[in-house]
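To keep things clear, I will list the structure first and then write my remarks on it.
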Protein chains: 2
Amino acid sequence: MDSREEKTVTISTVAKEAGVSMATVSRVVNGNPNVKPATRKKVLEVIDRLDYRPNAVAQGLASKKTTTVGVIIPDVTNVYFSSLARGIDDVATMYKYNIILANSDGNHQKEIQVLNTLLAKQVDGIIFMGHNLTDELRAQFKRAKTPIVLAGSVDQKDEVESVHINYVEAVESAVTNLINHGNKRIAFISGPLSDPINGEYRLKGYKNVLAKNGIDYDPNLVFETDYRYRSGEVLWPALASAHATAAFVADDELAAGVLNGARDAGAKIPEEFEVITSNNSKLTEIVRPQLSSITQPLYDIGAVSMRFLTKMMNKEESTQKTIELPYGFIKRGSSK
Amino acid sequence: MDSREEKTVTISTVAKEAGVSMATVSRVVNGNPNVKPATRKKVLEVIDRLDYRPNAVAQGLASKKTTTVGVIIPDVTNVYFSSLARGIDDVATMYKYNIILANSDGNHQKEIQVLNTLLAKQVDGIIFMGHNLTDELRAQFKRAKTPIVLAGSVDQKDEVESVHINYVEAVESAVTNLINHGNKRIAFISGPLSDPINGEYRLKGYKNVLAKNGIDYDPNLVFETDYRYRSGEVLWPALASAHATAAFVADDELAAGVLNGARDAGAKIPEEFEVITSNNSKLTEIVRPQLSSITQPLYDIGAVSMRFLTKMMNKEESTQKTIELPYGFIKRGSSK
DNA sequence: ACCTATAATGCAAGCGTTTCAAGAAAAAAA
DNA sequence: TTTTTTTCTTGAAACGCTTGCATTATAGGT
C-alpha cells in the first residue's frame, strides 16, 4: 500500500507553510485588501505550490453563503424551459453562482419537496418556473427567508417577484392579426387552463379582441390539451368540425402538431387555415410552412430573472416586484 | 423593529428541547437504528414542533459527503443533451442526490474551469458530457479523486468510465440500409470531425460498410459542419453537385435542415434522395417526411450513467469501465 | 440477586472556513 | 525621539453537524 497519506491541504496547512495565520490566508483568498503586498505574494506562492483549493462547503458553513442558487424547472427537455435555464446559468456564472437544477414535472408534490431540499442545502436564492403557483407554495416561499423569483411565470396575487412578458397584450396582437385577415372563427388552443397564463391571461387577451371586434366568444373554439406534439396533431378533425379558419396556439410543439395534422389531412395553409404560435423556438423554422409566432425573449427572461435574483441576494432595494419584458411578432408562412 | 430574533433552530436547540444529546438527534435524523423507539418518538415530536431542518452544508462538512453531483453539459438547450440530463436528474433524485448543472459550450477552457468549481464545491461525483476529451481534461479528472463518468461520449484512451452506444455499428447498420436500396453515393454529414464520435467512430462505420460493399470511399462525400439546423439547410447544392443520392446525418437538427433544404429545392424524398439521421429526437417526427433514424436510448444513457456513478460513489467494485447500451433503427418516410 | 452481553446514550473532537476583538508593526505627526 | 494614527496580523470563537469511543441502561442468564 501507498505510504503517503495524501493529506488534503487546508487553509491551516497553507498558513503554517507560509508562516502566517489562517486569517491572513483567508484574506488573500478572498481578495481582502488589508494584506501587505509582500505577505500576499508569499501566501499566493505557497497556495500555488501546494495546489490549495478552498473548500466551498466549509466556506459556506462559515460565511452562510453558498454561492449556489436553486432552479426548479418543470422539464429540462422542453426547449421553452431549457432556454430560460440557459439564460439563468449564463448570468449565474457571470456572478460566480452555480445552479442546482431540479425537475418538478410541474407536479405540486415534487415542487414542494424539491423546494425543501434546496432550502436544506442553503441555496442563496431560488428561481422557480412553474405553471401554477398554489397557495401552499406561496406560503412556503414566504416562510423561507430565501429570495425567490419566478421566471416566465406570474403570481396572480402578486406576492412574489417575477419576470415575464405581457401575455394578455401578446395574444391580443396575434389574434388581432388573424382577425384582420378576415377570420371570424379563430380557435384558441392551449395547455391546461388551470395554468393561469393560459386560463387567465392568454384567454383574456383572446376574449378582449373578440369583443372589440364584435365577434361572439364561442367556447367550442377553445381547445384545452397538454403541451405535446401529438396532442396537436390529432386536433384537426375537431378544428374542422368547429369550422375554425385559424388558430392561436400557446405552445410551439403543440402548434407544430396542429399544423402537421391539418396539412396531412389536406388543408391548405395559410389559405384555408392560419396558425400563429407563441414561443418562436427553433421549431417554428423547421416546420413547413414555417410558423408565424409571437416572440418572447426566452433567454433574456432567464437572464433577467437571475440578475434580479442577484440583486435581491445582495439586499439591494428594488421598487418593482415585476419585470415585464417586451414581446414581438414574426410573420412566417403559416399566416397570411 | 421586530424584537423576536428569529433564531435558527439547530440540532442543539432540538437536543436541549428534547432533553437528549446532539448525537441522539443526529441519529434519529439519519435513521440510525440505535435509538430506543420512545426516544425517537420524543425527538421527532420536537423536530416537528420546532420545524427543524438539518443544515445540509454543515452535514456536508462533517460527513464529507454533499449528496450533490456535478453535471457538465455543452448546452442544455440542445435536446440531445437535455434528454441525457433528464435521465441523470431522475435517477439522481431517486438516490437522494442533487445536480449542479453547468453549461460548457463544449469549450475547453470552460470545461476545465467548471470542473474546478465543482470540485471546490465538494461534489460527490461528476457526469461529463462533452464532444472531445482532451488530455488536459483527462489529467484533471485523474488528479481529482472524485468519481467521474462520461455520458453519451467515449474516452478514446479508455481511462475514464463511460456509457454510450456502439457508434461504429450503429452507423454501419444505417449505411448498409442505404446501400441495400441501391445507393452508391452516400453522403456522410456530421459535426466537427475533431469530435471522436464523428471523426473516429461514425466515420469508421461508414468506411467499413463502403469497403465491405466494394464502394470506393470518396472524401467529397464527407461533409463536416456544425450542429445547427441552418448549416444543414444550405447544404443541398453541395450535395447535389457531389451526386449524392442519400445521406447519413449525425445530428437530428442538422438532418432536418438537410431534408428541408433538399425539399425546398424540389428534390423528391425519398425517391431521389434518402436521409437517415442519428438521434431519434422529437424532431424526426415533426418534419415532413418524417426522418428515419438510428435510435439511441438518450434518457437511459443519462439514467444509467448516474446509476453507474452512484455505484462508484459507494465504492462498489465494478468490472467494466464501459457500458454499451443497445441502439436501434426506425424507418420513417425519409428513406425507402 | 449477580454478572454479562447488548442496546442506548452522551462526550467531545473534529470538518475547513470566516470573522471580530485585540495586539503588533509600520507610518505619520509632533 | 516619542506619541498618534493607521495598517497588518493574529488568536480563537463560531458555523451546525457527524462519529468514534466511553459510559450507562436494559435485558437475559443462572
Side-chain angles (χ1 to χ4, degrees), chain A residues 5-44 46-47 50-68 96 117 119-124 145, chain B residues 5-44 46-47 50-68 96 117 119-124 145:
Chain A
E5 256 303 296
E6 187 75 56
K7 287 300 300 170
T8 61
V9 2
T10 74
I11 200 175
S12 104
T13 321
V14 175
K16 273 174 206 141
E17 186 75 13
V20 300
S21 73
M22 285 162 49
T24 298
V25 177
S26 174
R27 275 188 217 97
V28 352
V29 166
N30 296 297
N32 182 315
N34 290 8
V35 180
K36 184 166 30 167
T39 313
R40 177 187 308 283
K41 177 150 175 269
K42 181 174 52 178
V43 172
L44 284 175
V46 175
I47 285 182
L50 267 44
D51 194 27
Y52 163 72
R53 315 299 183 89
N55 178 324
V57 173
Q59 291 181 312
L61 181 58
S63 68
K64 293 176 166 306
K65 290 192 187 323
T66 54
T67 61
T68 301
K96 311 286 187 200
T117 76
L119 292 176
K121 295 221 168 168
Q122 314 295 116
V123 294
D124 296 336
K145 284 309 185 189
Chain B
E5 255 303 297
E6 187 77 55
K7 286 301 301 171
T8 60
V9 2
T10 75
I11 199 175
S12 104
T13 321
V14 175
K16 272 174 207 143
E17 185 75 13
V20 301
S21 71
M22 285 164 49
T24 298
V25 177
S26 173
R27 285 192 200 95
V28 352
V29 165
N30 295 298
N32 182 316
N34 290 9
V35 180
K36 185 164 33 167
T39 314
R40 178 187 308 281
K41 180 155 172 265
K42 182 174 53 179
V43 173
L44 284 175
V46 174
I47 286 182
L50 268 44
D51 193 27
Y52 165 70
R53 315 298 183 89
N55 177 324
V57 173
Q59 292 181 311
L61 182 57
S63 68
K64 293 175 166 307
K65 288 188 188 327
T66 53
T67 61
T68 301
K96 311 289 185 198
T117 77
L119 292 176
K121 296 222 168 169
Q122 314 296 117
V123 293
D124 296 335
K145 284 310 185 187

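Note that the coordinates shown come from a computational prediction; the quantities given were computed from them, not determined experimentally. Labels below follow one simple rule: chain letters A, B, ... track the order of the sequence lines, proteins then strands, and each chain is numbered from 1.
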What's B/V20 touching, base or sugar-phosphate or nothing? Going by heavy atoms closer than 4.0 Å. sugar-phosphate
On a heavy-atom basis, which atom in A/A15 and which in A/V25 lie closest, and how many Å separate them? CA-CG2, 3.7 Å
Looking only at the side chain of B/L61 (C-beta and beyond, no hydrogens), which of the listed nucleotides C/dG10, D/dG16, C/dC20 gets closest? D/dG16
Between D/dT19 and B/S63, is there an OP1 or OP2 to side-chain N/O distance shorter than 4.0 Å? no
Grab the CD1-P distance between A/I47 and C/dT17 for me, whole Å please. 10 Å
Reckon A/T8 has a side-chain N or O less than 4.0 Å from the OP1 or OP2 of C/dG16? yes
Options D/dC17, D/dT10, C/dT18, nucleotide nearest the side-chain atoms of A/I11: C/dT18
With respect to the phosphate group of C/dG16, does any side-chain polar atom (N or O) of B/K64 fall under 4.0 Å of OP1 or OP2? yes
Consider the side chain of B/V35, meaning its heavy atoms from C-beta on, and name the nucleotide among C/dT19, C/dT9, D/dC17 that approaches it most closely. C/dT9
Which distance, rounded to the nearest 0.5 Å, do you find between the NZ of B/K36 and the OG1 of B/T24? 10.5 Å
Please determine if a side-chain N or O atom of B/S26 lies less than 4.0 Å away from the OP1 or OP2 oxygen of D/dT18. yes
Under 3.5 Å, is there any donor-acceptor pair linking the side chain of A/R27 to the base of D/dT10? yes
Would you compute the distance between atom CD of B/Q122 and atom CD of A/Q59 and round it to the nearest 0.5 angstrom? 9.5 Å
When the nearest nucleotide of DNA chain C is assigned to B/A62 and to B/R40 on a heavy-atom basis, which residue is associated with the more 5' position? B/R40
A/K36 side chain, from C-beta outward: closest of D/dG16, D/dC8, C/dA12: D/dC8
Between A/K121 and A/T66, is there a side-chain donor-acceptor contact under 3.5 Å, judged purely by atom types and distance? no
With respect to the side chain of A/S21, which nucleotide from D/dT10, C/dT17, C/dT9 is positioned closest? D/dT10
What does A/T10 touch in the nucleic acid at a heavy-atom separation under 4.0 angstrom: a base, only the sugar-phosphate, or nothing? sugar-phosphate
Nearest-angstrom distance from the residue atom CD of B/Q122 to P of C/dG16: 9 Å
Out of C/dG16, D/dG16, D/dT18, which nucleotide sits closest to the side chain of A/N55? C/dG16
Starting at atom NZ of B/K121, determine the distance to atom P of C/dT17, rounded to an integer number of angstrom. 15 Å
Sorted by position of nearest nucleotide on DNA chain C, 5' first, the leading residue of A/N30 and B/T39 is B/T39
Between D/dT10, D/dG16, C/dC11, which one does the side chain of B/A23 approach most closely? C/dC11
What about A/R53, does its side chain sit under 3.5 Å from the base of C/dG16 through a donor-acceptor pair? no
